[in-house]
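Side-chain atoms are counted along with the backbone in the values below, which use heavy atoms only and exclude waters and symmetry mates.
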Amino acid sequence: MVKNAIAYVLRKKNRTFIVFIILTVVLSCLYACLNILKSGTSLEKSLYKSSNSSSTISKKDSQGYFDKNEFKGINDIKEIEEVVSQYEGLARLSNTNAVDSGQQITRDDIPSYLKNVVSIQATSNVKRNVLFNSGVFAIKEGRNIEKNDKDKILVHEEFAEKNKLKVGDKISLEFVDPNQTDKSNKKYEFEIVGIFSGKKQEKQTGLTSDLSENTMFTDYDSAQKALNVEGNKQLVNKLTFFSGTPENMDEAINKVKKLNVDWEKSYTVDKEANAFKDALESLNGVKHIIRIMTFAIMIGGSVVLSLILILWLRERIYEIGIFLSIGTSKIQIIMQFIFELIFISIPSIISSLFLGNVLLKVIVDGFINSEDSMISGGSLINNSGFMLNIVALGQSYLILISIIVLSVVFASSLILIKKPKEILSKIS
């Protein structure tokens with residue numbers, strides 16, 4: 001059976017090439033789809049863990065600022081692994097221009113001191129920011145802000161493109177006083193260390209700072225200097241604290257609520273689950289589409305392969321008849337056909353590894369990076385490591401073998417259900 005299969009594959013070069021193309025396309029599509037599904041599952045687990053292992057302290061007035069020194073005791077709670085300070089505010093651009101396309105609200109009453117403004121998100125750990133942690137934003141060029149960085153900033157790729165900026169360039173900002181918006185601080189210069197991509201949910205108020213393209217990230221200490229905060233105050237909108245497990249987080253919340261602050265009137269503490277809700281919904285939508293595509297590829301591949309095999313087996317009726325006449329069993333004949341396709345499929349593994357990664361990028365760019373998606377393509381592609389790719393390729397090949405077996409059995413059965421005498425009579 002094996003010798004006959006190898007002989008047929010080597011002699012029928014045109015047919016072998018056609019089957020090779022079909023098997024390569026099917027295997028590549030399966031590999032790309034399974035890769036996305038596995039990466040999505042891994043990312044989903046990461047999002048769930050993050051959403052249940054972090055909580056945020058904020059003012060009951062969601063736009064309110066407070067001095068983080070009021071919560072010094074939070075650092076003594078053993079269940080808390082890290083406390084991240086977050087300041088969200090506005091800054092006026094002095095040597096660059098904000099992106100103004102995409103505004104859904106047009107206002108004529110915007111004062112001059114609130115024109116050409118950007119949204120500033122300053123945090124003591126940018127990597128912990130929910131927009132990066134959930135995959136909404138992803139670094140495209142350069143790097144993220146590190147722990148000891150000072151006077152560094154991240155800008156959106158659309159903003160960088162409009163102002164012809166690149167990593168290493170500097171931009172000048174005038175931070176807006178949160179209590180007196182018409183009062184500006186001195187110009188403060190930041191160096192661009194990273195350029196990110198993505199689209200967040202936008203709250204449209206008519207200001208340029210509403211847009212994702214005009215969102216910037218900087219380190220917390222530099223933002224405090226740019227704000228020129230008086231005394232030892234450290235202004236924050238939020239204090240986010242993290243625990244290793246969801247169980248520790250529940251215990252940490254109970255201890256935080258016992259701190260000597262005015263919880264009843266001023267402050268609230270909430271889990272970050274809602275911050276990840278949109279990302280999880282978007283991810284589940286993508287996974288649903290990919291599942292449908294995977295089943296469609298499996299069914300389509302089986303149908304196409306079966307139809308081609310039916311046509312080719314009709315031409316091999318003489319060969320089948322000879323095998324039957326010399327006592328070869330039907331099982332052996334079917335096994336030979338299966339071996340033929342398996343031998344052809346082996347070199348398609350290497351081709352599919354390359355073509356599958358190309359298809360993976362095309363699918364990600366086409367489906368995931370849509371304007372309505374809360375998951376960036378980079379977060380899925382970057383989430384797939386080498387071992388994950390090999391596992392996905394192995395599972396894809398097993399599915400392909402299943403398709404080959406089913407297609408051969410179906411196509412062969414139309415001929416082999418007949419008696420040998422009936423097949424031999426057709427030859428004559």
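Two residues are said to be in side-chain contact when any heavy atoms from C-beta on lie closer than 4.5 Å; Tyr188 and Thr218 fail this criterion. Side-chain contact between Leu90 and Leu114: present, with at least one pair of heavy atoms (C-beta onward) separated by less than 4.5 Å. Residues Phe241 and Val83 form a side-chain contact, since some pair of their non-hydrogen atoms from C-beta on lies under 4.5 Å apart. Side-chain atoms of Gln86 and Thr123, non-hydrogen and from C-beta on, do get closer than 4.5 Å to each other. Proximity of Ser85 to Leu239: side-chain heavy atoms (C-beta onward) are separated by under 4.5 Å at one or more points. By the 4.5 Å heavy-atom criterion applied to side chains, Asn144 and Phe217 are not counted as neighbours.
Scanning for ring pair (Phe, Tyr, Trp, His ring centres under 6.0 Å) contacts around Tyr267 gives Phe66, Phe71, with sequence neighbours left out. Residues satisfying the side-chain hydrogen bond (donor to acceptor under 3.5 Å, both in side chains) test with Glu213, not counting sequence neighbours, are Lys199. Take Asp221 and apply the side-chain hydrogen bond (donor to acceptor under 3.5 Å, both in side chains) test, not counting sequence neighbours, and it matches Lys150. With sequence neighbours excluded, the residues that form a side-chain hydrogen bond (donor to acceptor under 3.5 Å, both in side chains) with Thr215 are Lys200. Not counting sequence neighbours, the partners of Arg143 by the salt bridge (charged side-chain N to carboxylate O under 4.0 Å, His left out) test are Asp149. Residues forming a salt bridge (charged side-chain N to carboxylate O under 4.0 Å, His left out) with Lys225 (at least two apart in sequence, or on another chain): none.
For Tyr397 and Ser352, the side-chain atoms include no donor-acceptor pair closer than 3.5 Å. Of the N and O atoms on the side chains of Ser197 and Lys140, not one donor lies less than 3.5 Å from an acceptor on the other residue. Side-chain atoms of Thr240 and Thr56 form a donor-acceptor pair, as typed in the model, at a separation below 3.5 Å. Side-chain atoms of Ser222 and Asp151 include a donor-acceptor pair closer than 3.5 Å.
Shortest non-hydrogen contact noted between Leu305 and Leu341 is CD2-CD1, 4.5 Å. Heavy atoms only, all atoms of each residue included: Val118 and Asn214 are closest at CB-O, 3.2 Å. Considering every non-hydrogen atom in both Asp169 and Lys164, the closest pair reads OD2-O, 4.1 Å. The heavy-atom pair separating Val155 from Ala160 by the smallest distance is CG2-CB, 4.2 Å. Listed here is the closest heavy atom pair of Gln121 and Asn129: OE1-ND2, 3.3 Å. In plain terms, the two heavy atoms of Ile399 and Leu34 that are nearest each other are CD1-CD1, 3.9 Å.
Residue Ile350 qualifies as open at atom CD1: its count of foreign heavy atoms under 6.0 Å is 12 or below. Residue-environment remark: CG (Asn260) stays at or below the threshold of 12 foreign heavy atoms within 6.0 Å. Residue Phe410 qualifies as open at atom CZ: its count of foreign heavy atoms under 6.0 Å is 12 or below. The neighbour count for Asn148 CG, taken as heavy atoms of other residues, nucleotides or ligands under 6.0 Å away, does not exceed 12.
To the nearest 0.5 Å, atom CG of residue Leu23 and atom OG of residue Ser345 are 6.0 Å apart. The OG1 atom of Thr96 sits 9.5 Å away from atom NZ of Lys162, with the distance rounded to the nearest 0.5 Å.
A donor-acceptor pair is defined here as one N or O able to donate and one able to accept, closer than 3.5 Å; no such pair exists between the side chain of Tyr220 and the backbone of Asn125. Looking at Asn248, its side chain never comes within 3.5 Å of a backbone N or O of Ser243 through a donor-acceptor pair. With hydrogens and angles disregarded, a donor-acceptor distance shorter than 3.5 Å links the side chain of Lys60 to the backbone of Trp263. Panel note: side chain Asn237, backbone Tyr65; no donor-acceptor pair is recorded below 3.5 Å.
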Taking it one step at a time, do Met216 and Ile171 satisfy side-chain contact (heavy atoms from CB on, under 4.5 Å)? CA-CA 11 Å; Met216 299 181 183; Ile171 61 174; 3.8 Å; yes
Chi angles and distances behind the side-chain contact (heavy atoms from CB on, under 4.5 Å) call for Ser58, Thr268: CA-CA 6 Å; Ser58 60; Thr268 181; 3.6 Å; yes
Take Phe175 and Asn228, measure what side-chain contact (heavy atoms from CB on, under 4.5 Å) needs, and give me the verdict at the end. CA-CA 9 Å; Phe175 274 56; Asn228 195 25; over 6 Å; no
Kindly determine whether Ile195 and Ile139 satisfy side-chain contact (heavy atoms from CB on, under 4.5 Å), including the steps that lead there. CA-CA 6 Å; Ile195 296 173; Ile139 298 294; over 6 Å; no
